[in-house]
Amino acid sequence: MRKAFTLIELLVVIAIIAILAAILFPVFAQAKLAAKKTSSLSNVKQLDTSMLMYVNDYDDVTPTIHGQNNPAQCAPPTLYDGCSNEWWEPLFPYFKAINLIYSSERTEPDNDAVRHGVYGAVYLSAYGYNWGPFGWRGGGLLEKQVAMNPGNTDAGKPLTSVVSPANTFAFGDTYDTPRATIGIGFSGDHFTGSSNASMRYGGSFNYAFVDGHAKAAKVRGGILPGAFSDHWIMPSDTKTFGPAYCSDPDQVLPVEDGSTSFLDTDPLPPALPCGQFAQWIVDNITTPCTPGSSSACYFPN
């Protein structure tokens, strides 16, 4: 006659299952995160390809970004004629699938009627354009911001002016909006965490480069009063990726003159060669953040 399990045997089996679950669940979570990260990397690479197609049709010049107080004017046929526009709108005819601007790690709704109606945009873009390392000073794939009446404009520049295409960002993960960028003082705009590990993909952002390749980079951030939402985020490896914000790392970017809105941060980077901004942040923000920090600091690892 077959005997039933004893209580001890049942407890042993339950203990084994619990041990296996404790071992495997983190592995499953890591695999899920890796899959999301890979999907995001594919997205930025495809967006990069669309930009290369765009510049081929527009005399080698990168998309210009406009801003003004009435985004509702951003509808065809005036879409690229002085109205406020997101970086991806000029590229949309080349990538067409709106899902490419999304990430599972950013599900904030895009409530703009034009972007929703014309492009079918449901969520805010998870990726930002390379405007340069800091504020509206230029240095990336756009010139310095210029005041208009009304609004402002950040003109595109010839892609042939990029000194090292393989080492220059085109797009990347960001929390910024609207007209999302990867700038140091912009990319933490909607970030609500308090550590590097709590950033997207465990603090590893995907970036696409001007030559068409894409890769991930560890990022770090912290508090910077005057930055968007008082946050800053940038790659941890400033030696490799600090100059990646720059079409020409040696170009000196002066402080904004006040004719347009600008990041009046504390501390405020002075006029610097473009490739030195990321290292300047490291050298000048030297206090670790603590709960409730409101002055400039960095998140401990």
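The model shown is predicted, which means the values in this text are computed figures rather than measured ones.
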note = Looking only at heavy atoms, the pair that brings Tyr245 and Pro235 closest together is OH-CD, 3.2 Å
ask   = Is it true that the NZ or CZ of Arg106 lies under 6.0 Å from the centre of Tyr123's six-membered ring and within 45 degrees of the ring axis?
value = no
ask   = Hey, are the side chains of Thr265 and Pro269 touching, using non-hydrogen atoms and a 4.5 Å cut-off?
value = yes
message = So does Asp237 get a backbone contact from the side chain of Thr240, meaning a donor-acceptor N/O pair under 3.5 Å?
response = no
Can you list, pair by pair, the side-chain donor-acceptor contacts under 3.5 Å of residues 274-283, counting residues two or more places apart and other chains?
{"from": "Gln279", "atom 1": "OE1", "to": "Thr238", "atom 2": "OG1", "distance (Å)": "2.7"}
{"from": "Gln279", "atom 1": "NE2", "to": "Asp283", "atom 2": "OD1", "distance (Å)": "2.9"}

message = Could you check whether Ser103 and Tyr201, counting side-chain N and O atoms only, form a donor-acceptor pair closer than 3.5 Å?
response = yes
query = Out of curiosity, Ile184 CD1 to His231 NE2, how far, rounded to the nearest 0.5 Å?
reply = 15.5 Å
task = Could you walk me through whether Trp131 and Phe169 pass ring pair (Phe, Tyr, Trp, His ring centres under 6.0 Å), step by step?
result = CA-CA 10 Å; Trp131 293 37; Phe169 293 143; over 10 Å; no
message = With ring pair (Phe, Tyr, Trp, His ring centres under 6.0 Å) as the criterion, how do Trp88 and Phe171 come out once you've worked through the C-alpha distance, each side chain's angles and the decisive distance to 0.1 Å?
response = CA-CA 10 Å; Trp88 54 265; Phe171 309 104; over 10 Å; no
ask   = Taking side chain as C-beta onward, heavy atoms only, is Phe191 less than 4.5 Å from Ser198?
value = yes
inquiry  = Could you walk me through whether Asp154 and Glu143 satisfy the side chain to side chain contact (heavy atoms under 4.5 Å, CB included) test, starting with their C-alpha distance in whole Å, then the side-chain angles of each, then the deciding distance to 0.1 Å, before giving a yes or no?
reply    = CA-CA 6 Å; Asp154 299 81; Glu143 302 290 357; over 6 Å; no
ask   = Side-chain contact, heavy-atom cut-off 4.5 Å: Tyr207 with Lys215?
value = no
message = When you measure from the centre of the six-membered ring of Tyr129, is the NZ or CZ of Arg179 closer than 6.0 Å and no more than 45° off the axis?
response = no
request  = Please lay out, stage by stage, how Phe228 and Leu263 fare under the test side chain to side chain contact (heavy atoms under 4.5 Å, CB included).
outcome  = CA-CA 8 Å; Phe228 275 25; Leu263 295 182; 3.6 Å; yes
ask   = If only atom types and distance count, is the side chain of Asp230 paired as donor or acceptor with the main-chain N or O of Ser294 below 3.5 Å?
value = no
key: Thr168 vs Asn130, side chain to side chain contact (heavy atoms under 4.5 Å, CB included): CA-CA, chis, key distance, verdict   = CA-CA 9 Å; Thr168 304; Asn130 180 13; 4.1 Å; yes
message = Under the criterion side chain to side chain donor-acceptor pair (under 3.5 Å), I'd like the reasoning laid out for Tyr102 against Ser125: C-alpha separation, chi angles, the key distance, then a yes or no.
response = CA-CA 6 Å; Tyr102 302 153; Ser125 171; over 6 Å; no
message = With heavy-atom distances below 4.5 Å as the criterion, would you say the side chains of Leu272 and Leu253 are in contact?
response = no
query = Within a reach of under 6.0 Å around OH of Tyr94, are more than 12 heavy atoms found that belong to other residues, nucleotides or ligands?
reply = yes
ask   = Leu141 and Met53: same hydrophobic cluster, using ILVMFWY side-chain contacts below 4.5 Å?
value = yes
request  = Apply side chain to side chain contact (heavy atoms under 4.5 Å, CB included) to Thr153 and Thr64, showing your working.
outcome  = CA-CA 7 Å; Thr153 187; Thr64 293; 3.4 Å; yes
message = Quick one: does any side-chain atom of Ser247 pair with a main-chain N or O of Val162 as donor and acceptor, under 3.5 Å?
response = no
task = Report whether Ile101 and Val122 are members of the same hydrophobic cluster (ILVMFWY, side-chain heavy atoms less than 4.5 Å apart, transitive linking).
result = yes
Interatomic distance, Gln251 atom CD to Lys144 atom NZ [nearest 0.5 angstrom] = 11.0 Å
ask   = More than 12 non-hydrogen atoms from neighbouring residues, nucleotides or ligands closer than 6.0 Å to NE2 on His213, yes or no?
value = yes
query = At their closest point, which heavy atom of Trp136 faces which heavy atom of Glu256, and how far apart are they?
reply = N-OE2, 2.9 Å
request  = To the nearest 0.5 angstrom, please state how far the CG atom of Asn56 sits from the CG atom of Leu159.
outcome  = 10.5 Å
task = Measure across Ser236 and Val219 and return the closest heavy-atom pair with its distance rounded to 0.1 Å.
result = OG-C, 3.4 Å
message = In the structure I gave you, are the side-chain heavy atoms of Pro63 and Tyr54 within less than 4.5 Å of one another anywhere?
response = yes
note = Rounded to the nearest 0.5 Å, the NZ atom of Lys218 sits from the CZ atom of Phe241 at a distance of 12.0 Å
note = Of all heavy-atom pairs linking Val252 and Pro254, the shortest is O-CD, 3.4 Å
CA sep, side-chain torsions, deciding dist, call: Gln46, Ser42, side chain to side chain donor-acceptor pair (under 3.5 Å) = CA-CA 6 Å; Gln46 291 182 70; Ser42 174; 3.1 Å; yes
request  = With the side chain counted from C-beta on, respond yes when Pro90 and Asn85 share a heavy-atom pair under 4.5 Å apart, and no when they do not.
outcome  = yes
request  = Report yes if the side chains of Ile223 and Pro225 come closer than 4.5 Å at any heavy-atom pair, otherwise no.
outcome  = yes
ask   = Quick one: which of Asn43, Thr181, Asp173, Asp176 gives a side-chain hydrogen bond (donor to acceptor under 3.5 Å, both in side chains) with Tyr127?
value = Asn43
Non-hydrogen side-chain atoms of His190 and Thr177 separated by less than 4.5 Å = yes
Approximate separation, where rounding is to 0.5 Å, of Met234 CE and Tyr298 OH = 12.0 Å
message = Membership question, hydrophobic clusters at under 4.5 Å side-chain separation (ILVMFWY): are Trp87 and Leu124 in the same one?
response = no
task = Can you see which heavy atom on Ser50 is nearest to which on Phe95, and at what distance?
result = OG-CD2, 3.8 Å
note = Output for pair (Asp266 CG, Ser295 OG), nearest 0.5 Å, gives 8.5 Å
message = Would you say Val146 ends up clustered with Val61 if hydrophobic residues are merged whenever their side chains have heavy atoms under 4.5 Å apart, either directly or through other cluster members?
response = no
task = Return the minimal non-hydrogen interatomic distance between Ala227 and Gly185, and the atom names on each side.
result = CB-O, 3.5 Å
ask   = For Thr62, does its backbone N or O pair with a side-chain atom of Lys157 as donor and acceptor, under 3.5 Å?
value = no
